[in-house]
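Encoded as structure tokens, the structure appears first; notes follow it.
As the structure is a computational prediction, the values presented were derived from the model and not from experiment. The first residue in the sequence is number 1, and the count goes up from there.
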Amino acid sequence: VAELIEKDLILIGATAIEDKLQEGVPDCIETLSRAGIKIWVLTGDKMETAINIAYACNLLNNEMKQFIISSETDAIREVEERGDQVEIARFIKEEVKKQLKKCLDEAQQYFHSVAGPKLALIIDGKCLMYALDPSLRIMLLNLSLNCSSVVCCRVSPLQKAQVTSLVKKGAHKITLSIGDGANDVSMIQAAHIGVGISGLEGMQAVMASDFAIAQFRFLKDLLLVHGRWSYIRLCKVVTYFFYKNLTFTLTQFWFTFYTGFSGQRFYDDWFQSLYNVIFTALPVIIVGLFDKDVSSSLSKRYPELYKEGIKNMFFKWRVVAIWAFFAVYQSLVFYYFVTVSSSTSQGSSGKMFGLWDVSTMAFTCVVVTVNLRLLMICNSITRWHYISVGGSIVAWFLFIFLYSGMMTPYDRQENIFWVIYVLMSTFYFYITLLLVPVAALLGDFLYLGVQRWFFPYDYQIVQEIHKDEADDSGRTDLLGIDNQLTPDEARSYALSQLPRELSKHTGFAFDSPGYESFFASQLGVYAPQKAWDVARRASMRSKPKPKPNKIN
């Protein structure tokens, strides 16, 4: 149909989008590669263009062993000239199978060698269509996983999604797809995480993605800074929730051995109801929001720190087992230290302490200890940490003062009445409140010290290297303004920080608030001058205005 329509046409003009690499893309890809992230390029460009882009992005270099599987061979062209589609499909499939087997055998030899070169796979869309066949996809996946870089060129949007699903389901890897156009939507939706770039090709990719960024280089901040911080925070929040609930529950478990498993409760019902809601809730939220091990600049300076998340260093069974061990240890300290010490203690009236006195004392120690334990796992402590931890402990005392200080005719918890006032009138309460948390946290303190000194994590080594440096995690560093912007972008950013005023002019399609007189003067239209327009005009070379011709 195109051959019938496009005849004897006169070319009036053409428009196109300048499709080039954004600023900072090669540096970003190189940094992500150092972080242990494997980067695949799925593009619709032809093979020569795709290879040039991969070289420009530092994905390929001359030291790599490149496996090229292309349909542009003499044998395939010869078969295609015959026009038999069945024969073409069969022949190309056999050729792709031979190439995959040959490349895979060669890759295994390089892989087992001591100083073998890095490997790269380059495959075009026609060969990829047959390589994704169920009988060949396992071979393709094994070859691709042995390669440091993979470039797929001349691929369709559907093939992009198929390759993503192959890695996602076949290799059981966490995948992230990033694109800027409508042809990337299927790939973005097929991956675990989709990132859209709001570029010149529309907003379709952004609308279909999980995260939206303005430029590709911001992917470094998204993954190495915010992504890594979020992983560490999430691991701490989950393991701490497990620890504090196990500690609280086990103290009741030890009590059942002395009640003949009769079902007698150790804690008051309100203690159990408010433990996770009020007394230990806020501090862990603060940690999940504000905790960070190193600053954003150090996270990008040492991208290898990201590998700890890839290896799941902070959420493996060994980490959970350590938390469980100290939860058991602390629960034993809370129960037996308090019960044994209270057996010979008595109140100011001379009466011995009963069940509710002992349980209230133990619960007080639990609340104080688990909140202080949270501070020991924080890499950065702010005033919000102190406020939340101190506020949670104060909230417990305010509650018990009110709860044990009043009783109504309909109250069935008369056993709690006046308990805290009896306890606080004795020296036993204060010495127990001091010694029990210390004894409970002593094991954690020794473990954390030994671990940091003799078995440190990578981020702890970075902390020690830069412990004397000031924290540079200001807004400028988070935005990466100081070291990532080009000179033109840096000047534009500096100008954007000038005072702004809503535009009172209309009719200018590209008018910018705050610089009305500048844009107006370029069009020969008078507008009132603003004081800050001088800075804008001084930074740009004004064009000479043409003089009007005089008519005699």
Side-chain angles (χ1 to χ4, degrees), residues 17-43 53-54 56-59 149 160 164 174-185 187-189 191-234 289 292-307 309-310 472-497:
I17 297 175
E18 185 180 10
D19 193 5
K20 67 175 183 177
L21 287 179
Q22 294 178 342
E23 294 289 341
V25 172
D27 176 67
C28 177
I29 290 180
E30 183 180 5
T31 304
L32 295 179
S33 299
R34 289 170 54 197
I37 300 173
K38 285 195 173 183
I39 301 173
W40 294 20
V41 176
L42 311 178
T43 178
I53 293 174
C57 294
N58 296 326
L59 277 176
S149 301
K160 293 181 180 180
T164 305
I174 302 299
T175 56
L176 181 146
S177 294
I178 179 170
D180 63 347
N183 59 337
D184 301 316
V185 169
M187 175 184 67
I188 289 173
Q189 293 179 337
H192 290 96
I193 305 163
V195 178
I197 301 177
S198 54
L200 298 175
E201 298 189 28
M203 297 293 290
Q204 289 90 342
V206 171
M207 298 298 291
S209 64
D210 302 303
F211 299 93
I213 56 179
Q215 295 188 28
F216 184 90
R217 59 191 173 89
F218 295 152
L219 186 64
K220 182 164 60 174
D221 294 77
L222 180 65
L223 294 179
L224 303 186
V225 180
H226 302 290
R228 201 178 64 83
W229 281 350
S230 298
Y231 166 72
I232 295 176
R233 291 166 182 169
L234 187 62
L289 291 175
K292 57 182 180 180
D293 51 354
V294 294
S295 65
S296 58
S297 61
L298 291 179
S299 297
K300 291 180 285 188
R301 184 175 173 183
Y302 300 99
E304 292 80 7
L305 294 175
Y306 190 82
K307 294 181 180 179
I310 297 176
D472 56 350
S473 58
R475 180 171 178 83
T476 301
D477 177 68
L478 287 176
L479 293 175
I481 298 302
D482 54 341
N483 58 2
Q484 289 192 4
L485 295 184
T486 63
D488 292 338
E489 291 174 334
R491 178 174 57 82
S492 300
Y493 174 78
L495 291 172
S496 68
Q497 303 304 305

Checking [X] now: which residues fulfil side chain to side chain donor-acceptor pair (under 3.5 Å) with it, not counting sequence neighbours?
{"X": "Asn183", "result": "none"}
{"X": "Tyr302", "result": "His466"}
{"X": "Thr164", "result": "none"}
{"X": "Thr175", "result": "His192"}

Only counting residues at least two apart or in another chain, list the ones meeting side chain to side chain contact (heavy atoms under 4.5 Å, CB included) with [X].
{"X": "Ala214", "answer": "Ser198, Phe218"}
{"X": "Ser33", "answer": "Ile29, Ile39"}
{"X": "Asn58", "answer": "Pro26, Glu30"}
{"X": "Ala205", "answer": "Ile188"}

Inset, instruction - Taking ring-ring contact (aromatic ring centres under 6.0 Å, His included) as the test, write out the residues that go with Phe216, two or more places apart. - result: none
Inset, instruction - Without swapping roles, check the side chain of Asp184 against the backbone of Gly181 for a donor-acceptor pair under 3.5 Å. - result: yes
Inset, instruction - Could I get the full list of salt bridge (charged side-chain N to carboxylate O under 4.0 Å, His left out) partners for Arg233, not counting sequence neighbours? - result: none
Inset, instruction - Please list, chain by chain and in numerical order, all residues satisfying salt bridge (charged side-chain N to carboxylate O under 4.0 Å, His left out) with Arg34, sequence neighbours excluded. - result: Glu304
Inset, instruction - Run the salt-bridge test on Arg217 and Asp27 with the 4.0 Å N-O cut-off and return the result as yes or no. - result: no
Inset, instruction - Taking the side chain as every heavy atom from C-beta outward, state whether Arg228 and Leu305 have any pair of such atoms under 4.5 Å apart. - result: yes
